[in-house]
There are 4 protein chains.
Amino acid sequence: MFAFRLDARSGVPTFLQLVSQVRQAILLGYLQPGDQLPTVRQVAAELTINPNTVAKAYRELEREGLAAARSGQGTFIQATTASSVDPATYARLRHALRRWVHDAHAAGLDHERVAAVMASVLDETAGREGVA
Amino acid sequence: MFAFRLDARSGVPTFLQLVSQVRQAILLGYLQPGDQLPTVRQVAAELTINPNTVAKAYRELEREGLAAARSGQGTFIQATTASSVDPATYARLRHALRRWVHDAHAAGLDHERVAAVMASVLDETAGREGVA
Amino acid sequence: MFAFRLDARSGVPTFLQLVSQVRQAILLGYLQPGDQLPTVRQVAAELTINPNTVAKAYRELEREGLAAARSGQGTFIQATTASSVDPATYARLRHALRRWVHDAHAAGLDHERVAAVMASVLDETAGREGVA
Amino acid sequence: MFAFRLDARSGVPTFLQLVSQVRQAILLGYLQPGDQLPTVRQVAAELTINPNTVAKAYRELEREGLAAARSGQGTFIQATTASSVDPATYARLRHALRRWVHDAHAAGLDHERVAAVMASVLDETAGREGVA
DNA sequence: GTGGTCTAGACCACC
DNA sequence: GTGGTCTAGACCACG
């Protein structure tokens, strides 16, 4: 269905990590309008976190208009948030980026350094923190 | 000397943002062993945050062995396992990645989507550190 | 549960006194893995110090891997390299040392001098940790 | 003459460490009335600390009546602070305590644990922190 | 003037 | 209710 992952050491609030992952999956077209998110209880059980925390994340997604809860059925991705980018384009870009990462590793950069370069290039092109 | 930037909306604790930026700058070779970080008071004034918050970030860097405070003098980058990656290599990789970002923008991806693709490709190659 | 005590006159930072006492209790087997430390607020109330000071001590213990905070539950002793010294042995040694202290008092040494002798003998056997 | 040692990691203010060591040496009879302390500059050079810090420690010793500065000559232990405990008694007690430490080591206690037992027994006999 | 400690009190994340 | 973050501001140790 959709798998969440958590990084407890990142210092990022748990519920925000969940929200980000859904938002990102929507942006990349992995989650389509109408797709169902795992239930609060499923997520809570899988990640061994408090259901309230999951509920809070879903509430935030609703607030942003990205998802909608249907009482008694679950939470679903909203129609208004389509990706508008061609999946083939994504595939091409991902492929190219994977090659770049491969290059970087070949040049001796470890995962951390690769992330650092990505973050710094991202920062150049916009005023915001990307890969923190 | 060294410029910090903050993203208040990211939900990432301020002191962690500071820590990440120094860590990243060290990884990329922007900060070398012996370099002085701006003083606690300078950073606090520049970002209009509380000196304690900056101090906390610096303490964390010290804990990680990346920096060392010299009372009355300032805080300095430690001689750690240096970068060991050729600056020219970094330049080449950054250049290539910038071209990729340019491509992605040309294909219609906004900044958020670019970040999302980067994060997801990064996640493929290791189990950690997404765009959170 | 576990009782802290403070010596305001010692010049040792409050949070360090707390840290030392927990560390020492672990070494002596008084605190076992899984034991809960009193909550930040309890300690702060009992010693009439600021909760932040207690939190700082607990964070330091966490940093050393001796304790772990569970948000919303409390702070607990970690399963570390346990004491591995027989309680009976401790009892025997404590008993013998108490006799020595008694002797010293009988010989006219006050508490300060007793502490001074202990500290200097300790210093002989290792280059660190005196009565500072 | 008299050798100071510092433990930078202890968190105890430098000048207090110096004061304690002199106080302790007087208590144990190592420093006798009339004995000269090393000059501020000597100590500062030897420990590579700021002369002001040493001066502050000596000022504190003067304030406590333990030492007195003679302008242009140096700082000397005051007559009023004699030990009143027989050196032979000290020797005997030290010897016994060394045997106890030896025993403890033989029983498997490392230096830290030995210190911990000493500290806890000390604490029993008085309301103050000895070996912190 | 530097970093470090402590207090006081607000607010947040999580159980 | 728990711990965590941040602010504000005082005071100390050190150079």
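Values in this document were obtained by computation on a predicted structure and should not be read as measured data. Order of the sequence lines fixes the chain letters, A, B, ..., with proteins taken first and strands second; residue numbering starts at 1 for each chain.
For Arg23(D) and Glu112(C), the salt-bridge test fails: no basic side-chain N is under 4.0 Å from an acidic carboxylate O. Salt-bridge check for Glu60(C) with Arg63(C): passed, with a basic side-chain N closer than 4.0 Å to an acidic carboxylate O.
Between the CD atom of Gln36(C) and the C1' atom of dG3(F) there is a distance of 12 Å, given to the nearest Å. Between the C1' atom of dC12(F) and the CG atom of Leu16(C) lies a distance of 15 Å, rounded to the nearest Å. Rounded to a whole Å, the CG atom of Asn52(D) is 17 Å from the P atom of dC12(F). For the pair Glu60(C) CD and dT5(E) C1', the computed distance is 14 Å after rounding to whole Å. At whole-Å resolution of the value, NZ in Lys56(D) and P in dA13(F) are 4 Å apart. A straight line from CG of Asn50(B) to P of dG9(E) spans 16 Å, rounded to a whole angstrom. As a whole-Å value, the separation of Ile49(D) CD1 from dA13(F) C1' is 12 Å. In this structure, CG of Leu61(B) is placed 12 Å from P of dG4(E), rounded to the nearest angstrom.
The pairing partner recorded for dT7(F) is dA8(E), the criterion being a Watson-Crick or G-U wobble arrangement whose two distances lie under 3.5 angstrom.
Rounding to the nearest 0.5 Å places CG of Leu37(D) at 8.5 Å from CZ of Phe76(D). In this structure, CD on Gln21(D) lies 11.0 Å from CG on Leu31(D), to the nearest 0.5 angstrom.
In this structure, Ser120(C) contributes its side chain and Val117(C) its backbone to a donor-acceptor pair below 3.5 Å.
A heavy-atom distance below 4.0 Å to DNA chain E is reached by these residues of residues 64-73 of chain B, ordered by number: Ala69(B), Gly72(B).
Among the protein residues, Arg59(B) comes within range of no part of the nucleic acid, since none of its heavy atoms lies under 4.0 Å from any strand. Contacts of Tyr58(C) with the nucleic acid, taken as non-hydrogen atoms under 4.0 Å apart, are absent.
Here dG3(E) is the nucleotide among dG3(E), dG3(F), dG4(F) with the atom lying nearest to any side-chain atom of Arg41(B). When each of dC6(E), dC14(E), dG4(E) is scored by its nearest atom to the side-chain atoms of Phe15(A), the top-ranked nucleotide is dC14(E). For Thr53(D), the side-chain atoms get nearest to dC14(F) when compared with the rest of dC14(F), dC6(E), dT5(F).
Test Val43(A), Thr14(A), Thr39(A) against Val54(A) for side chain to side chain contact (heavy atoms under 4.5 Å, CB included) and you get one pass: Val43(A).
Side chain to side chain, Thr75(D) and Gln36(D) fail the donor-acceptor criterion of an N or O pair below 3.5 Å.
Between Thr14(D) and dC14(F), a side-chain N or O to OP1/OP2 separation shorter than 4.0 Å is present.
Map Thr39(B) and Thr48(C) each onto its nearest nucleotide of DNA chain E; the residue landing nearer the 5' end is Thr39(B).
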